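Read the structure below first, then the notes.
From a predicted model like this one, the values you see are computed outputs, not experimental measurements. The chains referred to below are lettered A, B, ... by the order of the sequence lines, with proteins before strands, and numbering in each begins at 1.
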Amino acid sequence: MSMDRREFVKAGALVTASVAAAGALVLKDRLSTTTSDPVGEKTVRHLTVLNNIKPQHDEDVLLRMQRELVKAMAKPVEERRWIMVIDTRKCVGCHACTIACVAENKLPPGVVYRPVVTEEFGEYPNVQLRFTPRPCMQCDNPPCVPVCPVKATWKRPDGIVAVDYDKCIGCRYCLTACPYGARTSDFGHSYLEGASEGASTDDDAATYGPQAPWADAPSHEYGKSWDRSDHQSPMGNARKCHFCLHRLEVGQLPSCTTTCIGRATYFGDANDPDSMVTELITKNNVQTLLPQHGTKPRVYYIV
Amino acid sequence: MTSLPNANGPMLDEAQAVDKYIWRSPYAKQIWIVWFLLLGLGLIGMYQRVTMGHMPAGYGSYVPWGLWIAIYFHGVGIAGGAFVVGAMGYILGARGLGTASMLRTVIVLSIAAMVPSFMAVWLDLGRLDRAHRIMTSPNFTSMMAFNSWMYMAFIGVAVVTWVLSFRPRSTWLKPFLVLGIFLACLIPSQSGAFFGVVDARPFWHSALFPVLFLASAITSGAAMLMFVRAALGPQAFRWASMDSQAEHDEALNRLRIVVACGLSIYLVLEFAEFSIAIWSPASHSPAIEMILWGPYWWAFWIVHLLIGAIVPLVLFFFTHRRGIWAVGALLVAITMLTTRLNVLIPGQSVPELKGLQEAFHHPRLNYTYHATAMEYLVGLFLIALGMATYVIARRIGATIAVRLDKETNGNKKK
Amino acid sequence: MSKSKPMSKQDAAVLSRRRFLAGGALLGSILAEKSLAGESPDHGAAGSAILNSDRPDAPYELALSQNTIYSACLQCNTGCGIKCKLQDGVVTKIDGNPYNPWTLLPHLPYATNVEDAMPVDGSVCPKGQAGLQTAYDPYRLRKVLKRAGQRGENKWISIPFEQAIKEVCEGGKLFASLPGEEYREVEGLRSIMALTDAKVAKAMESDVKAILDEKDKEKKKALVAAFKETHSANLDKLIDPDHPDLGPKNNQFVVSWGRLKDGRGQLYKRFATGFGTTNAHGHTTVCQGSLYFTCKAISEQYEGGKYANGQKFYFQSDDEHAKFILFIGANLFEANYGPPNRTVRLTENLINGHTKIAVVDPRFSKVASKAWKWLPIKPGTDAALAMAVMRWMFENDRFDAKFLANANKAAAKAAGEASWTNATNLVILKDGKPGKLLRAADVVIDGQPVIAAETRKLADGKEFVEKFLTVRVNGKLTALDPNDDKTPVVADLFVDTKLPDGTHIKTGLQILKDETLTKSIADWCEIAGLRESDVIAVARELTSYGKHAAVDMHRGPAQHTNGFYNIFAWMCVNMMLGNVDHKGGVIAANKWDLEGKGKLFDLKAHPGAIKPFGISSIRHGLDYEKTTIFAGYPAKRNWYPLSSDVYEEIIPSIGDAYPYPVKALVMYMGAPTYSLPAGHTNIEILCDLKKLPLFISNDIVVGSTSMYADYIFPDTSFLERWEFQGSHPNMPIKSQPIRQPVIAPIPQSCTVFGQKAPICFETMLMGIAEQLKLPGFGKDGFGPGMDLSHPDDLNLRAVANVAFGEKPDGSQQVPDADAHEIELLAQARRHLPSEVFDVARWRAIVGEKMWPKVVYVLNRGGRFEDADKAFKGELHAHPYGKLLNLYQEKTAATIHAGTGKSNPGYAVYLPIRDYHGNEPTELRKGHDLALITNRTITATKSRTIADPWLSAITPTNGILINPRDAEKMNLTNGQMVKVVSATNLKGEWDLGAGKKKDMVGKVVFTQTMRPGVISFTLGFGHWATGAADITIDGHVIKGEERRTAGVHANAAMWTDPAQKNTCMLDPVGGSVSFYDTHVNLEPVR
Ligand SMILES: Nc1nc2c(c(=O)[nH]1)N[C@H]1C(S)=C(S)[C@@H](COP(=O)(O)OP(=O)(O)OC[C@H]3O[C@@H](n4cnc5c(=O)[nH]c(N)nc54)[C@H](O)[C@@H]3O)O[C@H]1N2
Ligand SMILES: Nc1nc2c(c(=O)[nH]1)N[C@H]1C(S)=C(S)[C@@H](COP(=O)(O)OP(=O)(O)OC[C@H]3O[C@@H](n4cnc5c(=O)[nH]c(N)nc54)[C@H](O)[C@@H]3O)O[C@H]1N2
Ligand code: SF4
Ligand code: SF4
Ligand code: SF4
Ligand code: SF4
Ligand code: SF4
Ligand SMILES: [Mo]
């Protein structure tokens, strides 16, 4: 047997209908530009940070950048354009930024937002070391975003690529999509694993015993309170650098920036023509990592 | 296989056939043993997964996907492939594939392959509790969301066709079958696209993948169909509405050809893909080198090429024993999994940024992946699940068929 | 304890405020307006300040002033200012204290309001941030542990504090329950403390001094006899009546330490003096000893006709202002004192071209990676390189002749200098050998002495005869008083002539020059294994920036058998640059005084102290020849007239019972077994109950040395205690970072002098003091009305002294804290138990007047001068400002106890030698790789292994080797090898109690190593400190696998063939030898 005309027509109709439907759905999400983030007036912050510390000509760049930060926070979020500039000539590969980030965001083992890559070149005695800190590039064209099946990660008006741990289902598609390996998944590890087994923790114990109150305290990412204990988010989620949004909110620079002992990490608002970062990216011929991927990183390197 | 009851046994209705030749077929014991073995071991893995979460798993953040995702793609491939072949056969009225009940076995098989596949991804999620969000708030720019929806649609269509198959005269059956075939073809190619869109992984970022996936899906789907039929023997498919051993053989023969062709096409495409990487000085691909000469070289040369291609082809064309064919078909159906793994893992194992692994140390921050016992055990569970789904679904289908049949015949009597 | 304690009212208040805030802004009022209870401006819709979701917003606790306490880090000894941020009484984040010049450049003005400073975070290194993991280490001790097995077996029982105190003081059959010790009587501290009469002690002390000062043998004998007469009643109090100079039996109690900072330092020394033992020894010589003691010799001042009162200190470069710095074995960005402060002062200047640096190091360090030139020197040859550089400077007139010509204070002043050298002073050469400086009054020229001797008075009233030093001014012999600040003397630099009486004389500078001329520049470079062209290029660059150039050196050149002279040579280069006390030159450290003598609280006051006297157990600060136990050369063990705190002598000297047996030892915060080269030699002695009957340790965990103790007293960690960190030479700003309790103590509480306090170092000492009724403790411990009954009695008064400042009239006091600040102090400490923090008690200790000032200082983490005060024009505002000895008469007068030869008083290059003066050619045979060691930013010796964050970055170390060497030995990258040397052929650590640990590490190929030299980073290969299983009260606490990773190759470092239980050492500066050993690598399968 085979199909008669009537069946052909119906078949054709069904197929076209479904193709159309599919197309429509995809288009809808491709084209959608509406942001789910708070914008406008209610994102304006009138912070008094540093008001009473009068600027000195030779003040630490950390203070200058913090003043600029406060200035930027007085604008609605959509008018800020956060970028980071890393001067590898000043980076001494100390990893302070890596740990600052781990501590600030209560990252468990296996989760890291800002590793520092160390490379050795040349041959004795003409040898050289290069250090490359790698936060999230907050790409303007972030491949990690469109792959997310549940809209749990997106690019904010201020350029930061955010993750809502309460939405993320932990499929890890975005991890594979990031060419920089900037996303890591929280598999639920603890820094206490394998420590002091057999020791008691009761009040009369001779040793402190297996406890890590510092690890149990909630983290402040995105201005919320995240308590991982009993498998709550962000456990099971994809995690990444968010430029310390929660610190920006109160007028503080990202943790990796304030703790950079080489002052190799600069942070600020690219929309502010007078800002340190704008100055740096215009004065120097800056580079980005893996430009061939067309991700348009918002983290620049001076080499 | 010789011990098959002769083809001219007593006439049975479909339900009886299912009972006799599946529940109580001469291999029932073996099947049960295998199944309980798979289930028993599988449950150990499931227990670990449930109690210890992802702790005992081998994947991490630099190789985020492992065995389960491979199983997932393999499973949906089988589902799609089997449907395409079976439904085509039905529409074209090919001998041995042309009856409604045959069609049902095909649909059931493809659903039985889908169910464990979904289970596999679900278990892979970081937050099982939120799986539903793919349905409730999907993002269609994501191949994952898009595919999930498409699979749902496919399952829907499959169910519709399954229902309609009880009304063979309905003018909607074939149209829906066509739609089903359309979706079924999309499934593997979309799986290919799933990787293809990931620009971050040069190896995945290849236009060839959709085609490759389609070819492998048809092949493994047909192979699975062939295996099921050959293994269960004509009787299991022989009842009132269907005729002789000859027809059965005819069907197997056709499937054999399909599998053989599919396999060949796949190998050709694969050769094309690899040869470019190897011989064109421009595009050197560490991933492909890893596949051919990496720690898992044997997965490609031994499992995929030898056991998965050469041996079956030999079995297909140098014997006429259905049972041997069945073995060949099974080999193809199973070993195609390695091709999935060989797409998945090497694609992830090549860092774009060098030195990350040394910059911050943790087993999860490693560019090498080895599936763990837990992952394998869960894999076994999934197979057991597939088998169960198949049998149960077929039994239900059979019963309904028989009922309807009785009704119509009954009416005739009066 | 951090175990959840009932919530105080204050907590409740804060929590409720949190809830309130949760509705609105992320930040408490604090940043917005200055009130603790204030409302917060409501930004945005509830729960969506940053992202819209059902999850409510939460306040950012870490930015709230009431959750912040400033203190000082001690993960390494840099002691950076830290800002500890708490969540519910738990430190979860450590940043830099913006008031502190280590973490911000420039740091915030001291007057900045605390709330204004709150949002500013300074920078600290990764170890500093991980410090909280050291404090909350699961292996931290909470109770006193008593040995319940062999020493080193790691079997313990926990006992009450009071019992432990009683047992160590009263002694007895303390370990009768242990096999082999059934009948062992342990002598308690009470009976060791034989001499308790302060008057007797005083008398004996001065009589012994007389004996030592007597040069004539016979007269010495007579004096000893006389001594026995006068003190016949008390001879039983002496170690040996025939050798009174060994001192009282009290000396058989040795107190020692690894890392001791002020506050605790004052208490420990008070304890020793209270007990009447002269033996209080630290770890300086394992650290950078010869750097300290060479500078001490350089800083000896001409007083009373001889050289005395040299200060234990050293110079470092002013990194921020120098235009060129030559770093010699100084590992700036990975270690040193320390990464945060030194890096920030360099990086910007390096890229904007203000500063250029060169690095001398066999290893391409991180600082080398930013250098203009790297000189990969052959280990141990730093003086040879210095000689090449100086020869070039002399031959090309590229040195500061003006500076060197200034012969006295007046000349220095006139030239706008703060300090001056004795480069021009004339030295007498006896048969070619430079010795004493020429005394003008002794020189008779045509019947006339150059000057008549004068009788003068010293500060303490003693009279002496001043014969004056001698210089030549325009060819004319002239008498010189280097301290004269009236009439400038600018003298001739180069003199080499004979006096009428034929005496051969040269200036110190001439002697130095002649020494550099003994070899060609090419030959010097040959020794150092460097290219002449590179060396000359560096010399030219170094001398191209006037006084804005400096040579900064640290362990690399110091920790060798020739360390003293390596440092001496390079310090001479600095003197030749004339950069001492100069902006961009080399400067000395500066800290606010805390002892308060003659100002506020005199913490030195020690009523009833028993004046300690006698030869120290490590034989330091005294000439062997002066003693009654002098027995020719070589002496059984070395003597150290010029150095102190000779770490490698503390335990081995006990092993040899030389100069006398020791009965009890306390070790605080030190792990010599791990940290010393050939540290394993100490283990053998510690395990010997006869050689060391009683061993008490104070540690935060069971450490690699405390594991051999009879008793371990738990300590409070750096986040739970008081200390005064002081400063480092590279820091121009006058500072006093204060370490204060931040978290509730982990150890349990105890009671001393009737007050509750955590079990810790202080209470251990005070407990013993109470039991033995030591003078200077308890009621009126500091004098009438000033008790010492709680650690806070000392520490808070010390804070008050810092707040009071240097000026006796109090004109330098800090301002009073305002009401808000005073409330804040209490708020931020609401989680601390009253035994630690109690407003009433604290106020009472310092008094109402000082209280607001104490609060002011504590709320800023110490006292820091403002940045613009550091320099006055081109000079350091707190200059060293004294005579510098380019030639050292005192050193030249000392004799090497191992060889009997006198030590050179000028810079020379010496080859590596053992105690008997032989070069270790035998030891080198068949061992072709020079072994050195280095730090990495993420690790210290025994603290950071507790920190899992740091393991993620450096999970282990390895044997760093240049592939050229590896391939010769066909080793492959990553393969495991054993480190063996001539003195440790087995390549293992013998840990005693039958335990051993192989010295096995993985080979790491790197082009950063000079071929022929291998290195390993410090801080891995642990066998204690949480790395091993320990049994307490019968149940086992498992060690953590992670902590055993890597290799610690100190046991491969040579034991001195002449002093078998000790590593090789620098006989003059006391340094241990870390970089002289040659080893082999044996593949292990
Ligand atoms: N991360 C970290 N920082 C620390 C500490 C720590 O434990 N860890 N400890 C602190 C303490 S206590 C100290 S004393 C300081 C030490 O501070 P540094 O002395 O600056 O640190 P080290 O790494 O010991 O430096 C020794 C350097 O000398 C080099 N070297 C070895 N042999 C020779 C030689 O013969 N000649 C020359 N020119 N160089 C040589 C080594 O390669 C190494 O780079 O660091 C302090 N800071
Ligand atoms: N291979 C190699 N070895 C080296 C060096 C090197 O560069 N390479 N450097 C050397 C140098 S510079 C130094 S300064 C020495 C240092 O050597 P040490 O002065 O011996 O210091 P640590 O090794 O840190 O020992 C510290 C001990 O104190 C304990 N401890 C830690 N914190 C506290 C505390 O808060 N209270 C108390 N009571 N105890 C505490 C630890 O558990 C450990 O037992 O190491 C030397 N050893
Ligand atoms: S760096 Fe990676 S994670 Fe970050 S935005 Fe770009 S793609 Fe996404
Ligand atoms: S892991 Fe989370 S964020 Fe990433 S793609 Fe999956 S759901 Fe989206
Ligand atoms: S910006 Fe914040 S989150 Fe991102 S790396 Fe730096 S510290 Fe981590
Ligand atoms: S903190 Fe600064 S200097 Fe240190 S590694 Fe990070 S970026 Fe480099
Ligand atoms: S250098 Fe690092 S570890 Fe050392 S004191 Fe400073 S912060 Fe602490
Ligand atoms: Mo040190």
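For a residue to count as touching a neighbouring chain, one of its non-hydrogen atoms must lie under 4.5 Å from one of that chain's; by this rule C/Leu332 does not touch chain A. When heavy atoms are compared at a cutoff of 4.5 Å, A/Leu63 approaches chain C solely by way of its side chain, counted from C-beta outward. Contacts between A/Cys94 and chain C at a heavy-atom distance below 4.5 Å involve backbone atoms as well as side-chain atoms. Residue A/Phe131 touches chain C through its side chain alone, counting heavy-atom pairs closer than 4.5 Å. Using a 4.5 Å cut-off between heavy atoms, A/Thr98 contacts chain C through its side chain alone, with no backbone atom that close. Using a 4.5 Å cut-off between heavy atoms, A/Asp216 does not touch chain C at all. Using a 4.5 Å cut-off between heavy atoms, A/Asp58 touches chain C through backbone and side chain atoms alike. At a 4.5 Å heavy-atom cutoff, the contact between C/Leu104 and chain A is made by backbone and side-chain atoms alike. Only the side chain of A/Leu192 comes within contact range of chain C, judged by heavy atoms closer than 4.5 Å. For A/Leu62, the part sitting under 4.5 Å from any heavy atom of chain C is the side chain, from C-beta outward, and nothing else. With a 4.5 angstrom heavy-atom cutoff, C/Val1036 touches chain A only via backbone atoms. For C/Thr1008, the parts sitting under 4.5 Å from any heavy atom of chain A are the backbone and the side chain alike. The contact between C/Asn962 and chain A is made entirely by side chain atoms (from C-beta outward), counting heavy-atom distances below 4.5 Å. Heavy-atom distances place both the backbone and the side chain of C/Val344 under 4.5 Å from chain A. For C/Glu334, no part lies under 4.5 angstrom from a heavy atom of chain A. If you measure heavy-atom distances from A/Glu123 to chain C, the contacts under 4.5 Å come from both the backbone and the side chain. Interface remark: C/Lys85 contributes side-chain atoms only to the contact with chain A (heavy atom separation under 4.5 Å). For chain A, no part of C/Asp1029 is nearby; none of its heavy atoms comes within less than 4.5 Å.
Chain A forms more heavy-atom pairs under 4.5 Å with one residue of C/His1035, C/Lys93, C/Lys1038 than with any other, namely C/Lys93. Residue with the most contacts toward chain C among A/Glu193, A/Glu41, A/Gln66, A/Glu59: A/Gln66 (heavy-atom pairs, distance under 4.5 Å). Of the listed residues C/Ile351, C/Leu132, C/Ile1032, the one with more heavy-atom pairs under 4.5 angstrom with chain A than any other is C/Ile351. For chain A, the option among C/Pro339, C/Gly1039, C/Pro138 with the highest count of heavy-atom pairs below 4.5 Å is C/Pro138. The candidate with the highest count of non-hydrogen atom pairs below 4.5 Å against chain C, out of A/Arg130, A/Arg247, A/Arg156, is A/Arg247. Ranked by heavy-atom pairs under 4.5 Å with chain A, the first of C/Cys125, C/Pro106, C/Gly96 is C/Pro106. Interface remark: of the candidates A/Ala195, A/Ser225, A/Gly198, A/Ala195 forms the most heavy-atom pairs closer than 4.5 Å to chain C. Of the listed residues (A/Gly110, A/Pro218, A/Ala212), the one with the most heavy-atom contacts under 4.5 Å to chain C is A/Pro218. Chain C forms more heavy-atom pairs under 4.5 Å with one residue of A/Ala215, A/Pro125, A/Ala100 than with any other, namely A/Ala100. Taking C/Pro1011, C/Ser951, C/Pro98, C/Pro714 one by one and counting their heavy-atom pairs under 4.5 Å with chain A, the maximum is reached by C/Pro1011.
A distance of 5.0 Å separates CG of C/Leu108 from CD1 of A/Ile53, quoted to the nearest 0.5 Å. Remark: A/Ser196 OG to C/Arg140 CZ distance equals 13.0 Å, nearest 0.5 Å. The NZ atom of A/Lys90 sits 11.5 Å away from atom OG1 of C/Thr343, with the distance rounded to the nearest 0.5 Å. Taking OG1 from A/Thr118 and CD1 from C/Ile953, the interatomic distance works out to 9.5 Å, rounded to the nearest 0.5 Å. Here A/Glu104 contributes atom CD and C/Asp121 contributes atom CG; the two are 8.0 Å apart, rounded to the nearest 0.5 Å.
Between A/Gln128 and C/Phe364 the shortest side-chain heavy-atom distance falls below 4.5 Å. A/Asp60 places a side-chain heavy atom less than 4.5 Å from the side chain of C/Leu105. Taking the side chain as every heavy atom from C-beta outward, C/Trp374 and A/Val127 approach each other to under 4.5 Å. No side-chain heavy atom of C/Asp116 sits under 4.5 Å from any side-chain heavy atom of A/Leu50. A/Lys167 is not listed as a side-chain neighbour of C/Ser53, based on a closest heavy-atom distance of 4.5 Å or more. Side chains of C/Ile1037 and A/Glu197 form no contact here, defined as non-hydrogen atoms less than 4.5 Å apart. Within the 4.5 Å cutoff, side-chain heavy atoms of C/Arg1010 are placed close to those of A/Tyr124. Side-chain contact between A/Asp204 and C/Lys143 is present, with heavy atoms from C-beta onward closer than 4.5 Å.
Contact detail for A/Ala217 and C/Thr92: the closest heavy-atom pair is CB-CG2, 3.8 Å. The two residues C/Ile50 and A/Gly223 have their closest heavy-atom pair at CD1-N, 3.8 Å. Closest approach of C/Ser123 and A/Ile261 over heavy atoms only: OG-CA, 4.0 Å. Nearest heavy atom pair, residue C/Leu51 against residue A/Val163, reads CD2-O, 4.4 Å. Among all heavy-atom pairs drawn from C/Asp95 and A/Ser255, the shortest one is OD1-OG, 4.5 Å. Between C/Arg55 and A/Ser233, the closest heavy-atom pair is NH2-CB, 4.5 Å.
For A/His220, the ring pair (Phe, Tyr, Trp, His ring centres under 6.0 Å) test picks out C/Tyr60, with sequence neighbours left out. Shown here are the ring pair (Phe, Tyr, Trp, His ring centres under 6.0 Å) partners of A/Phe267, two or more places apart in sequence or in another chain: A/Trp82, A/Phe243.
Other residues, nucleotides and ligands contribute more than 12 heavy atoms inside 6.0 Å of the CZ atom of C/Arg964. Other residues, nucleotides and ligands contribute over 12 non-hydrogen atoms within 6.0 Å of the CG atom of C/Asn352.
Between the side chains of A/Thr259 and C/Gln129, at least one donor N or O lies within less than 3.5 Å of an accepting N or O.
Note on ring orientation: taking the six-membered ring where Trp is involved, the planes of C/Trp949 and A/Trp214 are perpendicular (angle over 60°, cut-offs 30° and 60°).
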Set out, in order, the CA-CA distance, both residues' side-chain angles and the distance that settles side chain to side chain contact (heavy atoms under 4.5 Å, CB included) for A/Val92 and C/Thr347, then state yes or no.
CA-CA 9 Å; A/Val92 297; C/Thr347 47; 4.1 Å; yes
